[in-house]
Amino acid sequence: MCNFKRFASASTALILTLGLAACSSSSDNTSSEYVDQVEVEDTDEIEAIPEGAETELEWLSYFDINPTSTAEEKRVDLDLFEKKGGTITYSACSSVTKYDQLASRVLSNDPPDIFWYEQKMTFPCYCIKGMFQPVDSIVDFEDDMWVDMKDLADQFELGGEHYVAPINLEPLSVLTYDKDVIEGNSLEDPYDLYMSGDWTWDTWYDLMDSYVSSATGDEVRYGINGWFGAFIFQSTGKTLIKYDEETDEYVSNIDDPDFDRASTMLYNIQKNGLYYSDWIGSASEAFRKNILFYAMGTWAVSPSDGDNWGIVPMPRDPNTDTYYTTIGITAYMWVNGSEKSDAVKCWYECARVANTDAEYVEAGKEKFFVTSPNWSEEMYEMANVEPISDKYVKVVDPGYGISTLLSNDDAATNATKEAVIPYLYSSVMKSDDDGTQFTWTKLRETYSNTIDSELETFNEEYHEFIGE
């Protein structure tokens, strides 16, 4: 078997060809690594589906894995799977009501076989509701193919069983900036700060403050726009909801003192006029509005000829030397009731090889630079290799999958259409109806009882699920 660990740091090259949006809970992953990048050859690293076993998997989703009118080329993972005797049949569902449609199928004893993992609601909520089954019978996390994902997979255990087999990782948001603007304002390049180990909340804030305060005349400047609040909180290594091994329960972590520091940083970014809050869909548009940093997924970063841009990961918490990151996870859930273990195992392995084998990884990178010729090697490394490397501890907040009220944005009724947990991560940069900026103290007072109540209900269901 090939050495998968050797290629892990480069595997995100393929993510750029996946077309994933910044928020994996809503992205339409309609394309992937394609056969035209490299000739797909059969491999002995994956066993064929045994003779006599069922070979056709039903994929219930809002996007197709098979070639379509908009993604005509066949994906490498699918081509490998077909060489091993498998096929995938697509059954369409709504991106908003997908779990309702899945539940209906499972309860009627007509389950599909695989379903898309999403950060919000998939785990642990719909696992304890009986929508998915453990993968330990078909995935050995001690094997070379999976060992690099074991620590992450361990965060998706219920009753000692794993429910998610991470195929690949992607950075959900990075900081893009214009190097010429940095140099023109006599600021230190964030890339240099990162490489020297000095890229922290403090140096990040100082750059934004210096840039904004240097505006002259009628010029208006901002420090940042985009999606970054949750990443600052979680760069402490903490999450709003955590699993407590001693009590075997999911508990609130809202009173953690590290969140006071993170919220103060975000509060000051808004209070001191560094934050541009309106939606901007691309880095180039942000830079035209005199915004120093654009925080978003790489899908929104398209430099033009002559642009001199840079990218860095989110800044480190200055109170720790450990680098923490929140990442997007590519994974396929094994639906409860599906009995096609051989075919699901084969599909998992084909997808894993397509995202880790050196030849496919390099081909994905080459294709990326063909379609994105104005990206630099430095940008590529900082956006797609560094954030998922072993340098970073990967953080997953189970609070994104506890209950409708806490976790499901699609059911949110507040003005920003955010469930409680995602709302809290950015709410200190928001204001109430009277224009008063929220404080973390006020937010804790407002939502602590709600979180505790939802967790009490969830833990009762969780303990019933694991038979306690």
Side-chain angles (χ1 to χ4, degrees), residues 171-177 179 181-182 185-214 221-242 253-276 291-296 310-327 378 381-383 385-397 424-429 437-441 443-444:
L172 291 173
S173 188
V174 293
L175 295 175
T176 304
Y177 62 98
K179 285 178 174 284
V181 171
I182 290 289
N185 286 270
S186 300
L187 301 174
E188 191 164 0
D189 193 327
Y191 174 79
D192 294 335
L193 289 167
Y194 180 83
M195 295 304 291
S196 65
D198 297 319
W199 184 234
T200 67
W201 297 354
D202 296 336
T203 53
W204 172 56
Y205 185 92
D206 288 345
L207 286 180
M208 293 189 291
D209 185 52
S210 295
Y211 173 72
V212 171
S213 63
S214 297
R221 293 180 172 186
Y222 296 93
I224 189 165
N225 170 262
W227 187 29
F228 59 95
F231 304 98
I232 299 305
F233 270 92
Q234 293 164 12
S235 67
T236 65
K238 311 290 182 61
T239 54
L240 282 171
I241 305 298
K242 66 178 182 178
N253 197 34
I254 196 171
D255 291 322
D256 193 294
D258 283 336
F259 291 162
D260 289 305
R261 295 187 301 107
S263 62
T264 297
M265 165 65 67
L266 297 174
Y267 182 90
N268 287 335
I269 287 174
Q270 166 66 13
K271 176 186 176 183
N272 295 329
L274 305 184
Y275 178 47
Y276 185 94
I291 299 170
L292 188 60
F293 290 106
Y294 180 62
M296 197 62 66
I311 286 177
V312 284
M314 293 291 164
R316 172 176 56 84
D317 177 357
N319 280 21
T320 177
D321 292 330
T322 303
Y323 289 80
Y324 295 99
T325 185
T326 306
I327 37 74
E378 178 190 300
E381 182 78 14
M382 287 294 102
V385 178
E386 192 72 10
I388 69 160
S389 69
D390 291 341
K391 178 178 181 176
Y392 282 85
V393 176
K394 282 69 176 179
V395 176
V396 177
D397 189 348
L424 283 173
Y425 276 126
S426 61
S427 51
V428 290
M429 294 184 293
Q437 188 177 347
F438 292 119
T439 65
W440 187 242
T441 300
L443 290 162
R444 271 200 309 244

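Position 1 is the first residue of the sequence; numbering continues from there.
Under the 3.5 Å distance criterion, the side-chain polar atoms of N272 are matched with a main-chain donor or acceptor of N268. Distance alone, capped at 3.5 Å, places no donor-acceptor pair between the K179 side chain and the D189 backbone.
Using a 4.5 Å heavy-atom cutoff, the side chains of T326 and Y425 are not in contact. Residues R221 and S214 are in side-chain contact: their nearest non-hydrogen atoms beyond the backbone lie under 4.5 Å apart. Residues W440 and L266 are not in side-chain contact: their nearest non-hydrogen atoms beyond the backbone lie 4.5 Å or more apart. For the pair T176 and M296, the minimum side-chain heavy-atom distance is 4.5 Å or more. Taking the side chain as every heavy atom from C-beta outward, I182 and P190 approach each other to under 4.5 Å. Within the 4.5 Å cutoff, no side-chain heavy atoms of V428 are placed close to those of F259. At a threshold of 4.5 Å between non-hydrogen side-chain atoms, the residues L193 and V312 do not count as touching. Put simply, the side chain of V181 reaches to within 4.5 Å of the side chain of L292, judged on heavy atoms.
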Tell me, with the steps shown, if E381 and I311 meet side-chain contact (heavy atoms from CB on, under 4.5 Å). CA-CA 9 Å; E381 182 78 14; I311 286 177; over 6 Å; no
Checking Y267 against T439 for the side-chain contact (heavy atoms from CB on, under 4.5 Å) test, could you report, in this order, the C-alpha distance in whole Å, the side-chain angles of both residues, the deciding distance, and whether it holds? CA-CA 7 Å; Y267 182 90; T439 65; 4.1 Å; yes
Under the criterion side-chain contact (heavy atoms from CB on, under 4.5 Å), I'd like the reasoning laid out for M382 against V174: C-alpha separation, chi angles, the key distance, then a yes or no. CA-CA 9 Å; M382 287 294 102; V174 293; over 6 Å; no
Show the numbers, then the answer: is there a side-chain contact (heavy atoms from CB on, under 4.5 Å) between Y177 and L187? CA-CA 12 Å; Y177 62 98; L187 301 174; over 6 Å; no
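Aromatic rings from Y275 and F228 are positioned such that their centres are separated by under 6.0 Å.
Taking CH2 of W199 as the start and OH of Y191 as the end, the distance is 14.0 Å to the nearest 0.5 Å. One distance of note links CD of E386 with CD of E378; it measures 11.0 Å at 0.5 Å rounding. Note: D255 CG to R444 CZ = 5.5 Å, rounded to the nearest 0.5 Å. Expressed to the nearest 0.5 Å, how far OG1 of T200 lies from CG of N319 amounts to 9.5 Å. Here E188 contributes atom CD and S210 contributes atom OG; the two are 11.0 Å apart, rounded to the nearest 0.5 Å. Atom-to-atom distance recorded for Q234:CD and L240:CG is 7.5 Å, nearest 0.5 angstrom.
Aromatic ring pairs are classed by plane angle as parallel below 30°, tilted from 30° to 60° and perpendicular above 60°; the pair Y323 and Y392 is perpendicular.
Under the salt bridge (charged side-chain N to carboxylate O under 4.0 Å, His left out) criterion, D192 pairs with no residue, sequence neighbours left out.
Counting non-hydrogen atoms of neighbouring residues, nucleotides and ligands closer than 6.0 angstrom, the NZ atom of K391 exceeds 12 such neighbours.
Under the side-chain hydrogen bond (donor to acceptor under 3.5 Å, both in side chains) rule, K238 has a single partner from D256, N253, D397, which is D256. The side-chain contact (heavy atoms from CB on, under 4.5 Å) with R316 is formed by just one residue from the set D202, D321, T203; it is D321.
Of all non-hydrogen atoms in S173 and A295, the two that sit nearest each other are OG-C, 3.3 Å. When all heavy atoms are compared, the tightest approach of V212 to G223 is CG2-N, 3.5 Å. In plain terms, the two heavy atoms of I269 and W204 that are nearest each other are CD1-CH2, 3.5 Å. Counting all heavy atoms, side chain and backbone alike, L443 lies closest to S427 at CD1-OG, 3.0 Å. Residues D317 and S235 come closest through the heavy atom pair CB-O, 3.5 Å. The minimum heavy-atom distance linking P315 with L175 is given by the pair CD-CD1, 3.9 Å.
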